[in-house]
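These notes are about the structure you will find just below.
The chain is numbered in sequence order, starting from 1. Counting convention: from 1, in listed order, for ligands and their atoms alike.
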Amino acid sequence: MKIILLGPPGSGKGTVSEKLEKDFNFAHVSAGELLREEVKKGTTLGKDIQKIIEKGNLVPDNLVTELIKLEVTGKKSFILDGFPRTLKQAEATAELNINLVIYLEVPEEIVIERFSGRRVCSTGEHGYHLKYLPPKKEGVCDHDGTKLVQRKDDRPEVIKERFKIYHKETQPLIDYYKQKGILKTVDASPNPEKVYAAVKKVVQELKKK
Ligand code: AMP
């Protein structure tokens, strides 16, 4: 099964993907994670990407699209987390034959409140929330023992920019996939367990067909 997770910054795409990966054995392909890996390499390209991410802007469509295509090659089941984010990206990957797009719908006020407590482990792979999804041991990742940190692009001024771009570039994808008849909307306002239970139901229903 090929799934896209769509939703504003902070809607829980990463958390939902991690859980789907565990329960259904889907590969979790996170665009943001792939880009942050490039940044870690410290190449000229990585440095350019870092500047864009830290401002809350979008990395050029061609670059992200190529990274994603390379990553999904040969994979039968995957979740795309944070991709596509523009109509161009969606059109350029139409041949992936996506089965399901889950739209995590959540009001902006709720998401902004979530950001203040959002943390990520130093590898960038596992996400937490101080209030809603705390680690077992304070400040330490349950999975790899690395220190929890706040992402630079989770700062309030960058969040504002990310939302502006989300409304302009990504929101049109909701109608795009609705018209294709593959969009399912899930209310992403409740706690992570409730949101995931609703997502899981949608995936299980489609698997039965
Ligand atoms: P995320 O981890 O999904 O919140 O992404 C972090 C940042 O990476 C975004 O704010 C963008 O700067 C960049 N990014 C992630 N996915 C994409 C994408 N599909 N297209 C362009 N830029 C992206």
(request) Would you check, one step at a time, whether the test side chain to side chain donor-acceptor pair (under 3.5 Å) holds for His143 with Glu18? (result) CA-CA 12 Å; His143 302 280; Glu18 278 180 38; 4.7 Å; no

[X]: numbered ligand 1 atoms lying under 4.0 Å from its heavy atoms:
{"X": "Val64", "result": "18 (C), 19 (N), 20 (N), 21 (C)"}
{"X": "Ile53", "result": "8 (O), 12 (O)"}
{"X": "Leu35", "result": "8 (O), 13 (C), 14 (N), 15 (C), 23 (C)"}

(request) Ignoring hydrogens and angles, state whether a donor on the side chain of His126 or Asp142 is under 3.5 Å from an acceptor on the partner side chain. (result) no

(request) May I ask you to check whether His167 and Glu108 show a side-chain donor-acceptor distance below 3.5 Å? (result) yes

(message) Using a 6.0 Å cut-off, check whether atom CG of Asp187 has over 12 heavy atoms from anything other than its own residue.
(response) yes

(message) Just to be sure I'm reading this right: ignoring hydrogens, which of Arg85, Gln89, Arg36 gets closest to atom 17 (C) of ligand 1? Compare them by their nearest heavy atoms.
(response)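 Comparing heavy atoms across Arg85, Gln89, Arg36, the nearest one to atom 17 (C) of ligand 1 lies in Arg85.
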
(request) Pick, from Asp153, Thr170, Ile159, the option with the minimum heavy-atom distance to atom 7 (C) of ligand 1. (result) Asp153

If you measure every N or O of [X] against every N or O of ligand 1, does any of those distances drop under 3.5 Å?
{"X": "Ala31", "result": "no"}
{"X": "Arg151", "result": "yes"}
{"X": "Glu33", "result": "no"}
{"X": "Val59", "result": "yes"}

